[in-house]
Asks: 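Pasting a structure here, questions to come.
Because the structure is a prediction, the values reported are computed rather than measured.
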Amino acid sequence: MVKISLVSGFLGAGKTTFIKKMLGEGFFGKTPLLVENDYGSLGIDSQVMAASGVRVKEMTAGCICCSLVGNFVIELEELIRKQQPEHIIIEPSGVGKLSEVRAALRELGVPYEEYLAVTIVDAGRFDQNDQYVREYFWDQIQSADAVILSKTAGLSGQELLHICSAIRKNAP
């Protein structure tokens, strides 16, 4: 049975950096498949990951959490059947809702184990994201199994305490 992990986070939070680090540590097994949902048509993260030797499947036509749910499920089922990976890492677009990606996975017609759903939060942009993209930002945090704060250098202990308190309050 294939394991599926989700790595979400808002634009520039450090999703790709996190995935690369975990791949280097063997966390996702020996031959994982990365499904990238870059917003737009460039797929820069996919190029970076492919250069490091990881199998990458790009989905750049839209966000898998909204307009492509049906296509995403069909394509993911096909990938699982044809490539039989031991682990799939899905990196949704930074502007998507993790809750909708998790709901789409429940539509899969093949057996799988949801292994990990993590959200990377850029601590330096926490208040900005909370203010301007609140709905998407909090959906990603509330729908995750774990939240990782990135880009904490230069923040005071008080600032980090503020962020952690807000997360605990809104996503217990």
Asks: Check for a donor-acceptor pair, side chain of Q140 on one end and backbone N or O of F10 on the other, with a separation under 3.5 Å.
Replies: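 Yes; at least one donor-acceptor contact below 3.5 Å.
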Asks: Nearest 0.5 angstrom please: E159 CD to L161 CG, how far?
Replies: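 The distance works out to 11.0 Å.
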Asks: Might you confirm whether atom CD of Q158 has over 12 heavy atoms from other residues, nucleotides or ligands at distances under 6.0 Å?
Replies: no
Asks: Quick check: closest heavy atoms across Q142 and N170, and the distance to 0.1 Å?
Replies: NE2-O, 2.7 Å
Asks: Is the shortest heavy-atom distance from the side chain of H162 to the side chain of D127 under 4.5 Å?
Replies: yes
Asks: Go through it in stages, so that I can follow the logic: the residues are L23 and I89, the test is side-chain contact (heavy atoms from CB on, under 4.5 Å), and I'd like the CA-CA distance, side-chain angles, deciding distance and then a yes or no.
Replies: CA-CA 10 Å; L23 286 167; I89 308 144; 3.9 Å; yes
Asks: Nearest 0.5 angstrom please: I80 CD1 to E75 CD, how far?
Replies: 11.5 Å
Asks: Would you say E77's side chain and G109's backbone share a donor-acceptor pair under 3.5 angstrom?
Replies: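 Between the backbone of G109 and the side chain of E77 there is a qualifying donor-acceptor contact (under 3.5 Å).
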Asks: Distance from I120 atom CD1 to I148 atom CD1, nearest 0.5 Å?
Replies: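 Going from the CD1 atom of I120 to the CD1 atom of I148 covers 4.0 Å.
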Asks: Strictly by modelled atom types, are D139 and S99 linked by a side-chain donor-acceptor pair under 3.5 Å?
Replies: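 Note: D139 and S99 side chains meet the donor-acceptor criterion.
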Asks: Can you measure from OG1 (T152) to CZ (F126) and round to the nearest 0.5 angstrom?
Replies: 14.0 Å
Asks: Taking it one step at a time, do Q83 and L33 satisfy side-chain contact (heavy atoms from CB on, under 4.5 Å)?
Replies: CA-CA 9 Å; Q83 297 193 25; L33 174 65; 3.9 Å; yes
Asks: Could you point out which residue of K21, K20, M22 forms a side chain to side chain contact (heavy atoms under 4.5 Å, CB included) with F18?
Replies: M22
Asks: Quick one: closest heavy-atom pair of A166 and W138, and the distance?
Replies: O-CH2, 3.5 Å
Asks: Between Y112 (side chain only) and L105 (backbone N and O only), is there a donor and an acceptor less than 3.5 Å apart?
Replies: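 Yes.
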Asks: How close do V7 and P92 get, heavy atom to heavy atom, and via which atoms?
Replies: O-CD, 3.2 Å
Asks: So how far is it from I141 CD1 to I167 CD1, rounded to the nearest 0.5 Å?
Replies: 5.0 Å
Asks: For the pair D145 and R102, find out whether any cationic side-chain nitrogen is under 4.0 Å from an anionic carboxylate oxygen.
Replies: yes
Asks: Taking the ring of F137 and the ring of Y132, is the distance between their centroids below 6.0 Å?
Replies: no
Asks: Got a salt bridge between E86 and K30, using NZ or NE/NH1/NH2 to carboxylate O under 4.0 Å?
Replies: no
Asks: Write down the atom of L155, the atom of G124, and the distance for their closest heavy-atom approach.
Replies: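 The answer is CD1-N, 4.0 Å.
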Asks: Look only at the side chain of S143 and the backbone of L98, and say whether a donor-acceptor pair between them is shorter than 3.5 Å.
Replies: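 No, the answer is negative, given that no donor and acceptor are paired below the 3.5 Å cut-off.
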Asks: Of all the heavy-atom pairs spanning A123 and L160, show the shortest one and how long it is.
Replies: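 Result for this residue pair: CB-CD2, 4.4 Å.
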Asks: Which heavy atom of H87 sits nearest a heavy atom of S5, and at what distance?
Replies: NE2-OG, 2.7 Å
Asks: For the side chain of K3 and the backbone of Y115, is there at least one donor-acceptor N/O pair under 3.5 Å apart?
Replies: no
Asks: Are the charged groups of K97 and E135 less than 4.0 angstrom apart, N to O?
Replies: yes
Asks: First locate atom SG of C164, then atom CZ of R168, and finally report the distance between them rounded to the nearest 0.5 Å.
Replies: 5.5 Å
Asks: Is there a side-chain contact (heavy atoms from CB on, under 4.5 Å) between I19 and T17 once you walk through the steps?
Replies: CA-CA 6 Å; I19 292 170; T17 301; over 6 Å; no
Asks: Looking at G12, is its backbone amide N or carbonyl O close enough to the side chain of R125 to form a donor-acceptor pair, meaning the two atoms are under 3.5 Å apart?
Replies: no
Asks: Looking at I90, is its backbone amide N or carbonyl O close enough to the side chain of E36 to form a donor-acceptor pair, meaning the two atoms are under 3.5 Å apart?
Replies: no
Asks: Evaluate V118 against L6 for side-chain contact (heavy atoms from CB on, under 4.5 Å), listing each step before the verdict.
Replies: CA-CA 6 Å; V118 64; L6 304 165; over 6 Å; no
